[in-house]
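Down below is the structure, laid out as C-alpha cells.
Counting starts at 1 for both ligands and their atoms, in listed order.
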Amino acid sequence: MNKQWQKDLIVYQIYPRSFRDGNGDGKGDIEGVIEKVDYLQSLGVNAVWFSPLYCSPNVDYGYDISDYKRINPEYGTLEQFDEMVKLLHARKIRVIMDLVINHTSNEHMWFKESQKSVDNPYRDYYYWRKGKGNKPPNNWTGFFSEKAWEYDKNTDMWYMHLFAKNQPDLNYGNPKVIEEIKSVLKFWLDRSVDGFRCDVITLLSKTVGLPNGKNSIALVGKEHYVDGNSIHELLLQLKQVMDEYDCFTVGEGVLIDTTKALTYIENNEKQQLNAVFTFEHMNADNHFGIKYLMSKMRYRKLKRTLGRWQTELYGKAINTIYFENHDQPRAVGRFCSDSTYADKGAKMIAVMEMGLTGIPFIYEGQEIAMTSIKMQDLSQYKDVECLNMYKMMRKLRFSQKYVMRAIAYASRDNARTPMQWNDSENAGFGGKPWISINPNYKEINVENQEKDANSVLNFYRKLIAIRKSNGAMKYGEYKEYFPLSSKVYVYTKTYEKEKVLIVINFTSKSVSFKLPKEIRYQSRKVLINNYVGRENYESSYKLRPYEATIYSIVNND
Ligand code: TEU
Ligand code: CA
C-alpha cells in the first residue's frame, strides 16, 4: 500500500560521475555529493536518486555492475556512503538507489564463474544456450543495436544480453538468483537507504524455452521479454523483502502502457512497485519509438500521452513525471526548441512538470537549464548506446551527415556532461572531466543563477515550495482544455477544495488565448508566471513566447 510520504516525494536525480568531483581525478564522487548536500536541501527536494554507485567496469557507466555490495572505488568507500546518507537524512532528504538486476557486468564474479564450465554452480545464473549451427540460439535483438546473444568459445555456447555484450542477463528462472538479489536488497536497506529505482524492471522474465520472436524493425523478440509471464510473481517475491522496511520503489516501465503499468503499481494487495516511469512521452519527437529517428516535437501527442497517464492512473496508483534523465537529451532545446527563449522555455518546462500530478523527478542540471552539448566529433562520445547506433545506421546506409546529426541530438552523453557549478576552470566540477564540458558553462552555471532572483534555479525553488503546500498541484484530478491545439497546453487540477489552472504556450510566437468559459468567471490568482506582469483579472490575452502560468482558482461552487 502506498504511504503518504511516497506521494509527497520530489526527487532529484544525481548521475554521480558527472555531479561533482571532490578529489580532482575528473570523475564525480561521494565526496563531491557531500560538499553539495546544502545545495540539494536549498532546492526543496526531499529525495535523491543516485544512478549506480556500485563497482563497475563502466562499459555502461555503472549499469554494468561487478559487485552489488561495494561502492565503486572511483566514487569512494562504504563509510563515505554511510556518511553521505546520514547527512542527507539529517536534511530530510531520502536516498534512493539504482537497482540494476536484469543483468550484471561480465566481470561480476557470478558471470566469470558461470563462464568456466557447463557444470559450474553459477552456470544457471545466466542464460547459456547452444547455437543453431554457427547462428545464435534465437533471433532476438536487444536495446543497443545488437543481437541479444554472444558466443563464448570456452564451452562452445552463447549467453543472452539484452543490452551490451558486457551486460549478460540474469536468469530469474533460477531461484538462487532471486535469493542473491534479496540479499542485495537487504544489504542496502539495512544501511538505511529509502528505496530503489528499478532498472528495466519489465524485462526480467523471459518466455520459457526462449522461442524466436516475430519480425520487427527493432527489438525482435520483445513479446518474449517485455512484461513476461512470471514477472509479477517474481516481483512479489522481491517485495517480501521491501515490506520489512519503510521503502519506496519506482520501476522503469520499458514498453508498457497505462493498462500494463497498473498491473504493477495499482494500490491493492497485488501491488509490486509503488510507481513506474513511462517512456511514452519521450517518443513525441521520434519515429517508431527510436529516438535516433528524430521528428519535430509533436505537442498534441505529448499532451495526449501525459493526459492519459494523468487520468488512467488517477485514484488507483502514483504517477511519475520527468522530462530529463541520464538517458535523454536535455529538455531545453527539445520541449522548447527556440534557444532565443531558453530561459522562458526552461521555466515553462518546470511549470509543466510541477503542475502535473505524480512524483516529479528533476535531473541534475535541469534546474539551471543545462542544454545538450551536441558533440561534433565521434571521438568525443562515450555512450555505448549511441556508438552502437552509429555503427548500425551507417551499416544500413544512413548518410554520415544524418547519423552525426542523430547522435548529436539523441546521444545519452548530452545529459552526462559535467554539472556546471561556476565559470571557473572545468565549470567548478573538479579535475579535468572524463567527458567534455558544455562550453556554455561560462553563462549557464549555478553560481550565476544563485545571484539572480529571476534565474531558472530560483524559479525551480519557488515552484517546488508552492507545490509542497498545494494539494491540487500534487494530487489533483486532471482536466484538459483545447486538446486539439498544438500550441497551448491548458489544464486544471482539482483536489478537495483546491483548484489550479495551468496555461502554457508551447511556441516561440505569441498566441491569442481566452480562458475556458467554465473558469472565466471564477476568481483566480497568479501563483507563478515565467514573465513579469501577468495580472489576476485578465481572461483573454496574448500569451508571450513559452509563457507559462499557474493560477489558483477560488472554487465558487
Ligand atoms: O535504460 C533502459 C532502456 O531501455 C534504455 O535502452 C533506454 O531506452 C535508452 O537508453 C533511452 O535512450 C536503463 C538505464 O536507464 C540505462 O542507462 C542503461 O543503459 C540500461 O537500462 C541498461 O541497464
Ligand atoms: Ca573524483
Side-chain angles (χ1 to χ4, degrees), residues 13 15-35 49-54 56 58-65 71-77 80 98-105 141-146 161-170 197-204 218-219 222 225-226 250-256 276-280 282-283 285-286 289-294 322 324-329 334 361 363 382-389 406-407 409-416 418 426 429-434:
Q13 182 190 351
Y15 191 74
R17 205 174 186 75
S18 300
F19 187 64
R20 159 78 191 149
D21 170 23
N23 68 355
D25 68 352
K27 296 159 209 150
D29 46 41
I30 292 178
E31 201 182 317
V33 177
I34 288 178
E35 282 177 40
W49 148 29
F50 289 96
S51 274
L53 288 162
Y54 321 95
S56 165
N58 291 317
V59 170
D60 194 16
Y61 295 105
Y63 288 87
D64 49 327
I65 296 171
I71 295 291
N72 186 340
E74 291 177 320
Y75 299 152
T77 62
Q80 281 176 308
D98 219 308
L99 186 72
V100 189
I101 56 174
N102 175 69
H103 43 267
T104 67
S105 159
T141 58
F143 287 76
F144 288 167
S145 317
E146 289 179 326
H161 63 95
L162 292 184
F163 292 87
K165 54 175 170 294
N166 313 58
Q167 294 167 296
D169 280 48
L170 282 166
R197 172 270 185 191
C198 311
D199 194 65
V200 298
I201 203 71
T202 47
L203 307 183
L204 260 49
L219 302 175
K222 61 173 179 282
Y225 58 71
V226 177
V250 51
E252 209 186 7
V254 181
L255 292 169
I256 56 167
V276 291
F277 294 119
T278 173
F279 281 72
E280 292 188 329
M282 290 290 130
N283 292 331
D285 62 347
N286 68 46
I290 300 172
K291 65 179 182 169
Y292 297 87
L293 300 177
M294 309 158 282
Y322 73 94
E324 282 189 15
N325 64 32
H326 65 293
D327 290 335
Q328 296 294 333
R334 185 180 188 197
F361 285 76
Y363 179 67
K382 305 278 182 195
D383 168 18
V384 52
E385 176 196 80
C386 89
L387 290 168
N388 282 357
M389 181 55 84
I407 62 173
Y409 182 75
S411 166
R412 305 189 298 181
D413 290 326
N414 280 317
R416 301 175 181 184
N426 300 328
F429 163 72
K432 188 175 169 350
W434 66 282

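The single protein non-hydrogen atom nearest to atom 7 (C) of ligand 1 is F279 CE2, 4.0 Å, given as residue, atom name and distance. The nearest heavy-atom contact from the protein to atom 14 (C) of ligand 1 is D199 OD1, 3.1 Å. Nearest protein heavy-atom neighbour of atom 4 (O) of ligand 1: F143 CD2, 3.7 Å. Closest to atom 18 (C) of ligand 1, if we only count protein heavy atoms, is D60 OD2, 3.3 Å. Among all non-hydrogen protein atoms, the one lying nearest atom 3 (C) of ligand 1 is F163 CE2, 4.0 Å. Regarding atom 12 (O) of ligand 1, its nearest protein heavy-atom neighbour is K291 NZ, 2.5 Å.
Under the 30°/60° scheme for interplanar angles, the aromatic rings of F163 and H103 are found to be tilted. Between H326 and W49, the two ring planes are perpendicular [angle over 60°; tilted spans 30° to 60°].
Here the rule is side chain to side chain donor-acceptor pair (under 3.5 Å) with Y75, and of R17, E31, K27 only R17 fits it. No option in F361, Y363, F277 other than F277 meets the ring pair (Phe, Tyr, Trp, His ring centres under 6.0 Å) test with Y322.
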(request) In sequence, state the C-alpha distance, the side-chain angles, and the governing distance for K432 and D21, and then conclude on salt bridge (Lys or Arg N to Asp or Glu O under 4.0 Å). (result) CA-CA 9 Å; K432 188 175 169 350; D21 170 23; over 6 Å; no
(request) Determine, step by step, whether W434 and Y61 satisfy the side chain to side chain contact (heavy atoms under 4.5 Å, CB included) criterion, reporting the C-alpha distance in whole Å, the side-chain angles of both residues, the deciding distance to 0.1 Å, and the verdict. (result) CA-CA 11 Å; W434 66 282; Y61 295 105; 3.5 Å; yes
(request) Apply salt bridge (Lys or Arg N to Asp or Glu O under 4.0 Å) to D60 and K382, showing your working. (result) CA-CA 9 Å; D60 194 16; K382 305 278 182 195; over 6 Å; no
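Here is the list of ligand 1 atoms found below 4.0 Å of a heavy atom in V200: 2 (C), 13 (C), 21 (O). Every atom of ligand 1 is numbered from 1 in the order shown, and the set under 4.0 Å from a heavy atom of F144 is 6 (O), 19 (O). When each atom of ligand 1 is checked for a heavy atom of H103 under 4.0 Å away, the hits are 22 (C), 23 (O).
Rounded to 10°, the angle that OD1 of D21 and O of K27 form at the Ca ion (ligand 2) is 80°.
When every heavy atom of V100 is checked against every heavy atom of P52, the shortest pair comes out as CG2-CG, 3.9 Å. Across all their heavy atoms, D169 and H161 have their closest contact at OD1-CA, 3.3 Å. Residues L204 and I101 approach most closely at CD2-CD1, 4.0 Å, considering heavy atoms.
Between R334 and E324 there is no salt bridge, since no side-chain N of the basic residue sits under 4.0 Å from a carboxylate O of the acidic one.
Within the structure, the closest approach of M389 to ligand 1 does not fall below 4.0 Å when heavy atoms are considered. Residue contacts with ligand 1 do not include M282, since none of its heavy atoms lies under 4.0 Å from the ligand. Between Y61 and ligand 1 there is no heavy-atom distance shorter than 4.0 Å.
Selection from E252, E385, R197, H326 by nearest heavy atom to atom 11 (C) of ligand 1 gives E385.
The N, O or S atom of D29 lying closest to the Ca ion (ligand 2) is OD2.
Contact annotation: for D327 versus ligand 1, heavy atoms closer than 4.0 Å belong to both the backbone and the side chain.
Within the 4.5 Å cutoff, the side chain of Y225 has no heavy atoms near those of the T202 side chain.
When only interatomic distances are considered, the shortest N/O to N/O separation between Q328 and ligand 1 does not fall below 3.5 Å.
Metal site remark for the Ca ion (ligand 2): N23 contributes an N, O or S atom at a distance under 3.0 Å. When distances to the Ca ion (ligand 2) are checked against a cut-off of 3.0 Å, D25 contributes an N, O or S atom below that limit.
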